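Scope of the values below: all heavy atoms of this structure, side chains included, with no hydrogens, waters or symmetry mates. Keep in mind the model is a prediction, meaning the values are calculated, not measured. In what follows, every chain begins at residue 1, and chains take the letters A, B, ... in the order their sequences are listed.
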Protein chains: 2
Amino acid sequence: MHSKSYCGEMSAYSIDDVATLTGVSKHALRYYEREGLLAEVPKAPNGHRRYSEDDLGWVRFLQLLRATGMPIREMKAFVDLTHAGEHTIADRVEVLAHYREALVTRMAADREHLERLNAKLDYYRGVLAAADAVPEDITGYVRTDRART
Amino acid sequence: MHSKSYCGEMSAYSIDDVATLTGVSKHALRYYEREGLLAEVPKAPNGHRRYSEDDLGWVRFLQLLRATGMPIREMKAFVDLTHAGEHTIADRVEVLAHYREALVTRMAADREHLERLNAKLDYYRGVLAAADAVPEDITGYVRTDRART
DNA sequence: GGTTGACTTCGAGCGCGCTCGAACTCCTAG
DNA sequence: CTAGGAGTTCGAGCGCGCTCGAAGTCAACC
């Protein structure tokens, strides 16, 4: 990470820095910018992007929105609200609250999926344990896979 | 749901029944079958699929696998293991355990995302509350959006 | 001067998981 | 006899979110 100081104390990041720091690929960073999620990132005289600390923070916020399941289209709308000024805060709250809801719902679903997965694993492990206990099939009884729920 | 008995006591489901009961679209059900996730669903004399109770359970299991984040390709591999017999149970456990791990990881990430989202919402609500308290901008101080983390 | 390497723009392409629609077969009701 | 409705097969198409690669620019180094 070169992080050459650009203007005295100010730190500026290259696209590679941002990619490394956030885990968002360089391609994706440019894509986000094209799509208007990132506003105009200032360029150095040689044309290279120089991300500010704020830009970095904004990328991380975009990551958060993505992680909540927000599609790119909605993110764009949200960004536009943000640029439109303070009077859109109520709208922004509404959007975020909506995705919060959805996230909470998915989390509950995931807990249930985890339980079902655990049940399935327990079943399989039971079968394995039984097979270990009686390695040769003395009984002639063939257990069928009935744990399909 | 017609659920005409087909053979005495046996219940059989039409594709529409299964779609309704599971929430998997009819198109997707045929797609799954094509991809070998569902094995040969028996057909009535008129060519219509007649899903058994077991098939229904299997569809629900496929849903679970999808919900854990397993891609179709992996699901196919898992199904093949299942068809290969009891001796693949250890392998199946390995696969399921892997996706269990991933699920648990995602759940932890989601908890963090939820917290960050809540923080953002709290920040915005604070701004709204402040604006409510001082509807006219007496101070001349313009608050900037600094909650980008 | 030539090579390397990190960046730029641009538009095309891809992997995934369906989704759709055309053309067909059946069966049933009017 | 005709019309409607539910199913079938098949291959093409789509929406999403990147991802890639060609062709170019610029700066540094040997």
**Item:** Neighbours of DNA chain D within residues 66-79 of chain B, by heavy-atom distance under 4.0 Å
**Value:**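 Output list: empty, so none.
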
**Message:** Applying side-chain hydrogen bond (donor to acceptor under 3.5 Å, both in side chains), can you list everything that pairs with S25(A), at least two apart in sequence or on another chain?
**Reply:**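 S25(A): no side-chain hydrogen bond (donor to acceptor under 3.5 Å, both in side chains) contacts found.
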
Figure out the [atom1]/[atom2] separation between [X] and [N], and round it to whole Å.
{"X": "L29(A)", "N": "dC18(D)", "atom1": "CG", "atom2": "P", "result": "10 Å"}
{"X": "L38(B)", "N": "dC18(C)", "atom1": "CG", "atom2": "P", "result": "13 Å"}
{"X": "E33(A)", "N": "dC10(C)", "atom1": "CD", "atom2": "P", "result": "11 Å"}
{"X": "E35(A)", "N": "dC18(D)", "atom1": "CD", "atom2": "P", "result": "10 Å"}
{"X": "L37(B)", "N": "dG17(C)", "atom1": "CG", "atom2": "P", "result": "10 Å"}
{"X": "D17(A)", "N": "dC7(C)", "atom1": "CG", "atom2": "C1'", "result": "12 Å"}
{"X": "R50(B)", "N": "dA6(D)", "atom1": "CZ", "atom2": "P", "result": "14 Å"}
{"X": "I15(B)", "N": "dA6(D)", "atom1": "CD1", "atom2": "C1'", "result": "11 Å"}

For [N], does OP1 or OP2 lie under 4.0 Å from any side-chain N or O of [X]?
{"X": "R49(B)", "N": "dG7(D)", "result": "no"}
{"X": "Y32(B)", "N": "dG17(C)", "result": "no"}
{"X": "K26(B)", "N": "dG21(C)", "result": "no"}
{"X": "S14(A)", "N": "dA6(C)", "result": "no"}

**Request:** Measure the spacing between CZ of F61(B) and CZ of F78(B) and express it to the nearest 0.5 Å.
**Result:**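 Output value for this atom pair is 4.0 Å.
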
For [X], which residues count as a side-chain contact (heavy atoms from CB on, under 4.5 Å) partner, sequence neighbours excluded?
{"X": "E112(A)", "answer": "R116(A)"}
{"X": "T105(B)", "answer": "none"}
{"X": "N46(B)", "answer": "A44(B), H48(B)"}

All N/O contacts under 3.5 Å from nucleotides 19-27 of chain D to the protein, with atom names and distances to one decimal?
none

**Item:** salt bridge (Lys or Arg N to Asp or Glu O under 4.0 Å) contacts touching residues 96-105 of chain A (sequence neighbours left out)
**Value:**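 Non-adjacent pairs meeting salt bridge (Lys or Arg N to Asp or Glu O under 4.0 Å): zero.
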
**Request:** Return each pair, listed once, that meets salt bridge (Lys or Arg N to Asp or Glu O under 4.0 Å) where at least one residue sits in residues 19-42 of chain A; pairs must be two or more places apart or across chains.
**Result:**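 Found D16(A)-K26(A), E33(A)-R49(A).
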
**Asked** Is there a donor-acceptor pair closer than 3.5 Å between any side-chain N or O of H113(B) and the backbone N or O of A109(B)?
**Response**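 Yes, the answer is positive, given that a donor and an acceptor are paired below the 3.5 Å cut-off.
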
**Request:** Scan for side chain to side chain donor-acceptor pair (under 3.5 Å) pairs involving residues 68-80 of chain B, sequence neighbours excluded, and state none if there are none.
**Result:**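 For residues 68-80 of chain B: E74(B)-Y99(B), K76(B)-D80(B).
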
